[in-house]
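These numbers come from a predicted model, not from an experiment. Values below: all heavy atoms of this structure, side chains included; hydrogens, waters and symmetry mates excluded. Indexing begins at 1, ligand by ligand and atom by atom, following the structure's order.
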Amino acid sequence: MPAASLLPLFGSAAGPGALGGPAGGGGGGGGAGGGVRKAAGPGAFRLTEKFVLLLVFSAFITLCFGAIFFLPDSSKLLSGVFFHSAALQPPPPPPGGQPRAPPQPGGGPAAAGRGSLARIRADHERALREAKETLQKLPEEIRGDIRRDKEKVAQDARGRKEPAASGLPQRPFRPPVGAAGQEPADPAVRQRRAKIKEMMKHAWDNYKRYAWGLNELKPISKQGHSSNLFGNIQGATIVDALDTLYIMEMKEEFKEAKDWVEKNLDFNVNAEISVFEVNIRFVGGLLSAYYLSGEEIFRKKAVELGEKLLPAFNTPTGIPWALLNIKSGIGRNWPWASGGSSILAEFGTLHLEFVHLSHLSGNPVFAEKVMNIRKVLNRLDKPEGLYPNYLNPSSGQWGQHHVSIGGLGDSFYEYLLKAWLMSDKTDEEGKKMYYDAVQAIETHLIRKSSGGLTYIAEWKGGLLEHKMGHLTCFAGGMFALGADGAPSDKTGHHIELGAEIARTCHESYDRTSMKLGPEAFRFDGGVEAIATRQNEKYYILRPEVIETYMYMWRLTHDPKYRQWAWEAVEALEKHCRVDGGYSGIRDVYNNHESHDDVQQSFFLSETLKYLYLLFSDDDILPFEHWVFNTEAHPLPILHKEEGSKEEKQK
Ligand code: DMJ
């Protein structure tokens with residue numbers, strides 16, 4: 001250290017006078033720069049000698065202090081030098097909780113010193129051992145360890161602030177009907193079903209390995225994928241997969257998923273979320289998990305989340321916002337939506353879950369909110385009896401007159417039918433709205449191609465766009481499911497309509513190189529059931545075509561639906577399966593896969609569940625007892641007799 005920097009250490013309190021020089025002896029009459037100095041008396045020092053002495057002294061002091069403060073383990077030295085009697089503190093326990101060796105008998109400072117040296121040595125050896133073990137691990141294992149440690153810290157922190165009681169009314173749990181079915185008798189079917197379970201295991205294990213606790217998995221880059229649909233709510237794949245794990249009897253996996261929900265699923269976050277996506281995946285997933293397993297944690301979390309979504313309805317009409325900050329309760333709509341509108345398929349796809357939230361919480365507010373949506377819709381004129389995709393939540397007026405049974409419209413129609421079914425066919429309003437809508441759809445949107453394929457076009461202000469989305473393919477299953485409630489002369493017709501849509505959607509798969517369907521396909525410009533635009537050629541593991549096969553199989557038992565489903569399994573295995581899970585494909589017409597690197601959570605909740613049901617007997621989740629929400633989460637039908645039994649019990 002340069003001497004100059006040591007001088008301030010002595011400053012005015014221990015200035016040159018302290019070294020024995022005469023007071024003020026430093027100041028020559030001629031000044032510092034004059035060169036004329038007073039003669040020094042015997043025993044006195046000249047200024048330069050004083051300065052040299054000062055330097056020597058300060059170097060000595062620095063050395064002493066340096067030794068105390070900067071030598072390794074200075075705290076121990078300090079306690080040894082200055083606090084002779086202080087006992088050495090035992091080192092903290094190692095992470096991981098292995099108990100240390102107890103102190104050796106035999107007291108005295110020397111023994112204590114030997115003891116502490118031994119401990120230091122043991123610590124070093126342990127650290128070396130741990131480092132060696134870590135070096136031998138695969139990078140994924142190390143990442144897994146880090147993730148688990150982080151989770152444990154987060155979990156401990158959360159554990160401290162979790163409110164004690166859920167405040168929900170006691171509710172007897174009714175064992176579910178058909179939560180697990182028989183093994184199929186036919187060995188070939190059994191084998192196919194086992195294969196689908198293996199696919200679920202592959203998807204789940206890789207999610208667990210590379211993205212545990214995050215929303216989705218990137219199976220190629222082997223890391224988490226976050227989508228802004230859920231803000232920073234985490235664990236979409238876990239919640240979406242719960243019921244699939246349950247019905248496939250993957251007990252260990254279900255248990256770890258449940259533990260994660262219990263300890264980590266947190267809605268107290270500052271997050272702007274999509275009300276629709278969070279409702280269908282998280283609320284729907286939690287409700288199903290509760291109804292299947294009876295675990296109270298799922299009921300509690302579902303209701304807690306439902307309450308967080310309520311501020312979305314604070315609009316002049318009660319038509320909810322698309323996006324909501326669940327901390328501030330401030331909502332807004334997608335900036336791209338026509339004139340600040342809410343989207344039909346979004347606000348129209350809350351009904352099933354919200355009715356169940358009221359049922360499970362005893363709080364009517366949830367059901368009131370969705371019944372009000374119906375009221376607003378029923379007051380409005382509909383162009384040609386059709387429902388436009390956009391509705392302004394402030395004015396209560398339609399936005400652009402675009403109508404679609406695919407994206408932006410789809411599950412609104414699905415929920416009208418299922419609301420009626422879920423009410424044990426008592427919701428006459430839902431029923432009427434559904435069958436009236438189907439009538440208008442048939443008249444204005446459904447067409448047949450010259451090659452004989454039935455398709456559902458899109459309607460833009462009275463003009464038809466001859467395009468059908470992969471999303472629209474769900475409608476085959478919907479028409480067939482609704483056949484039963486149609487006027488008796490139309491029952492067969494609705495089943496037939498379902499079958500025709502299933503065939504068209506199968507063609508859209510069959511006409512690609514990969515035998516997987518594009519995002520949208522067209523019936524114009526000389527093509528049928530083929531995507532013509534590059535940005536419509538992708539497949540993102542969507543379920544709708546397989547969903548329709550499942551309904552058609554259950555309702556007709558025509559073996560071709562199992563055959564078509566198996567073709568899809570083979571294509572998924574060939575083109576979408578990768579080491580790290582399942583990935584979407586950028587162009588299904590290409591011969592070489594270009595993966596999009598996302599394993600969507602709906603692949604586990606819907607695609608694999610519908611496939612599993614296709615190769616199961618009908619006694620698993622039978623239609624007389626369950627309806628599936630739009631994310632394939634089964635919700636029990638609220639049977640009239642059960643309702644009255646419940647009333648009696650109150
Ligand atoms: C799912 O989240 C639901 O099925 C939704 O209704 C539409 N889109 C996806 C799957 O494609």
Side-chain angles (χ1 to χ4, degrees), residues 203 215-217 225 227-230 233 235-244 273-288 322 334 342-354 389 404-419 456 458 468-478 481 501 505 508-509 516-521 536 538-551 568 572 576 582-585 588 596 598-611 613 627-635:
N215 279 327
E216 288 170 323
L217 164 71
H225 169 71
S227 142
N228 53 7
L229 299 172
F230 316 118
I233 296 181
T237 295
I238 297 179
V239 179
D240 237 3
L242 277 163
D243 50 15
T244 309
I273 50 103
S274 153
V275 175
F276 160 78
E277 293 290 352
V278 165
N279 175 60
I280 65 170
R281 302 193 202 203
F282 283 87
V283 178
L286 291 164
L287 287 171
S288 291
W334 297 106
S342 302
I343 306 292
L344 182 70
E346 297 198 328
F347 64 77
T349 310
L350 303 168
H351 198 99
L352 305 183
E353 297 80 2
F354 274 53
N389 293 336
S404 166
I405 314 305
L408 308 184
D410 48 8
S411 40
F412 161 70
Y413 305 96
E414 176 187 357
Y415 270 36
L416 292 176
L417 171 64
K418 290 180 176 175
I456 311 176
E458 311 229 321
M468 188 166 165
H470 192 289
L471 289 166
T472 321
C473 287
F474 90 96
M478 177 179 76
L481 181 66
I501 298 297
C505 293
S508 80
Y509 273 48
L516 291 167
E519 180 66 4
F521 42 94
E536 293 173 346
Y538 61 88
Y539 171 68
I540 56 167
L541 306 172
R542 286 197 191 277
E544 292 76 16
V545 175
I546 289 165
E547 174 181 350
T548 278
Y549 297 162
M550 192 280 289
Y551 282 103
L572 284 165
C576 301
Y582 288 87
S583 166
I585 297 283
V588 288
D596 70 2
V598 182
Q599 179 175 286
Q600 306 278 347
S601 77
F602 53 66
F603 181 65
L604 292 87
S605 75
E606 297 193 70
T607 313
L608 292 175
K609 184 187 288 129
Y610 287 136
L611 282 170
L613 294 178
V627 291
F628 293 89
N629 90 339
T630 196
E631 189 77 0
H633 294 305
L635 298 171

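Looking at E353 and Y415, their side chains do bring a donor and an acceptor atom within 3.5 Å of each other. With hydrogens and angles left out, the side-chain atoms of D596 and S583 include a donor and acceptor closer than 3.5 Å.
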N or O contacts of ligand 1 with protein under 3.5 Å, please list pair by pair.
residue	atom	partner	partner atom	Å
ligand 1	2 (O)	E631	OE1	2.6
ligand 1	4 (O)	E606	OE1	3.3
ligand 1	4 (O)	E606	OE2	2.8
ligand 1	4 (O)	T630	O	2.8
ligand 1	6 (O)	T630	OG1	2.8
ligand 1	11 (O)	R542	NH1	2.7
ligand 1	11 (O)	E544	OE2	2.7

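For an aromatic pair to be called close, the ring centres must be under 6.0 Å apart, and Y509 with H470 satisfies this.
Taking CG of L481 as the reference point, atom CZ of F474 lies at 11.0 Å (rounded to 0.5 Å). Put simply, CZ on F628 and OG on S605 are 11.5 Å apart, with the number rounded to the nearest 0.5 Å. The line from NZ of K418 to NE2 of H351 is 13.5 Å long, rounded to the nearest 0.5 Å.
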